[in-house]
Amino acid sequence: MTKGHPPPAGFRLLPEYFDREAQEALVDELRLVLAKAPLFQPKMPKTGKAFSVRMSNCGSLGWVADINGYRYQPTHPTTGEKWPEMPSALRKLWKAVAADAPEPEACLINYYATTAKMGLHQDKDEDMFSSPVVSVSLGDTATFRIGGTTRKAPTSSMRLTSGDVVVLGGESRLAYHGIDRVLPGSSTLLKNGGRINLTLRRVTPDQ
DNA sequence: TAGTACCA
DNA sequence: CGCC
């Protein structure tokens, strides 16, 4: 149930897109990814202020944030290694919900401990916005907020539960969005609790 | 402007 | 809000 002003056109919530078995399989694959590409702590450009969320990536490009800025790069910021391959289940998801878009290049992995939050922001570090951003929620339920394409536009909030998929396409591609809070103990998927969010993106224009 | 505060 |  969405509370507040409706999200822009092109926003889609696909509740429980992944069933429990598929979620468990995805978590198993993510553990292998994170063993090779450990979670790191992103920092705000200029100020160096830490995010409460920890991050990693898989795919050919990964999003990183540090004192120097936000960017996509082919290697992990601390190990210097290439990002691990994107799990096939995620490529399959992209094909199913973003059929007209070129292959996804980046999968940002955000880990929210139960106290972590993400302020309202736009995903706009990509070089093209015609492909959607596709998100997968795993683990504890979160309160997600989405507004319009300006910071002052009215927002709405909704709960995202484990297995839910969100598609930010069309007008909603550049909508401000964020995570207000994670509800502790709301899922048994992750042994140590918290929430994993995956966001699949196309970064570079299709040639 | 991916931090914070606040959110009716 | 106050930051670059």
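These numbers come from the heavy atoms of this one structure, side chains and all, not from hydrogens, waters or symmetry mates. Numbered from 1 within each chain, the chains take letters A, B, ... in sequence-line order.
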Please list each protein N or O that sits under 3.5 Å from an N or O in nucleotides 6-8 of chain B, with the distance.
from  : atom 1 : to       : atom 2 : distance (Å)
B:dC7 : O2     : A:Arg145 : NE     : 3.3
B:dC7 : O2     : A:Arg145 : NH1    : 3.2
B:dC7 : O2     : A:Arg145 : NH2    : 3.0

How many Å lie between [atom1] on [X] and [atom2] on [N], as a whole number?
X: A:His177; N: B:dA2; atom1: NE2; atom2: C1'; result: 8 Å
X: A:Asn68; N: C:dC4; atom1: CG; atom2: C1'; result: 13 Å
X: A:Arg151; N: C:dC1; atom1: CZ; atom2: C1'; result: 11 Å
X: A:Tyr111; N: B:dA2; atom1: OH; atom2: C1'; result: 19 Å
X: A:Leu108; N: B:dA2; atom1: CG; atom2: P; result: 13 Å
X: A:Asp123; N: B:dT1; atom1: CG; atom2: C1'; result: 14 Å
X: A:Met118; N: B:dT4; atom1: CE; atom2: P; result: 10 Å
X: A:Arg181; N: B:dT4; atom1: CZ; atom2: C1'; result: 18 Å

(Q) Quick one about A:Thr204 and A:Glu105 (side-chain donor to acceptor, distance below 3.5 Å, no hydrogens or angles considered), yes or no? (A)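 Yes.
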(Q) For a quick check under 3.5 Å, do A:Trp63 and A:Asp125 share a side-chain donor-acceptor pair by atom type? (A) yes
For the student: nearest non-hydrogen atoms of [X] and [Y], plus distance:
X: A:Glu29; Y: A:Ala89; value: OE2-CB, 4.4 Å
X: A:Leu174; Y: A:Asp123; value: CD2-O, 3.6 Å
X: A:Val53; Y: A:Pro42; value: O-CD, 3.3 Å

Could you pull out all residues at least two apart from [X] that satisfy side chain to side chain donor-acceptor pair (under 3.5 Å)?
X: A:Ser172; result: none
X: A:Tyr72; result: A:Glu126, A:Arg201
X: A:Asn197; result: A:Ser135, A:Arg195

**Q.** Ranges pairing with ranges for DNA chain B, where each run has three or more Watson-Crick or G-U pairs under 3.5 Å
**A.** none
**Q.** A:Asp66 with A:Arg71: basic N within carboxylate O range, under 4.0 Å
**A.** yes
Q: Would you jot down, in residue-number order, the residues of residues 39-52 of chain A having a non-hydrogen atom under 4.0 Å from DNA chain B?
A: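 Result for residues 39-52 of chain A: A:Met44, A:Lys49, A:Phe51, sorted by number.
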Q. Less than 6.0 Å separating the ring centroids of A:Tyr176 and A:His121?
A.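 No, the ring of A:Tyr176 stays outside the 6.0 Å limit from the ring of A:His121, centre to centre.
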Q. Are the ring of A:Trp63 and the base ring of B:dA2 both nearer than 5.5 Å at their centres and tilted by less than 30°?
A.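 Yes, A:Trp63 stacks on the base of B:dA2.
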Q: Check whether any side-chain N or O of A:Lys124 sits under 4.0 Å from OP1 or OP2 of B:dA2, and answer yes or no.
A: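 Answer no for this pair, as no side-chain N or O of A:Lys124 is under 4.0 Å from OP1 or OP2.
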Q.
Base, sugar-phosphate or nothing for A:Arg54? Non-hydrogen atoms, less than 4.0 Å.
A.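 Since no nucleic acid heavy atom lies under 4.0 Å of A:Arg54, the category is nothing.
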Q) Parallel, tilted or perpendicular: which fits the ring planes of A:His76 and A:Phe40, with parallel below 30° and perpendicular above 60°? A) perpendicular
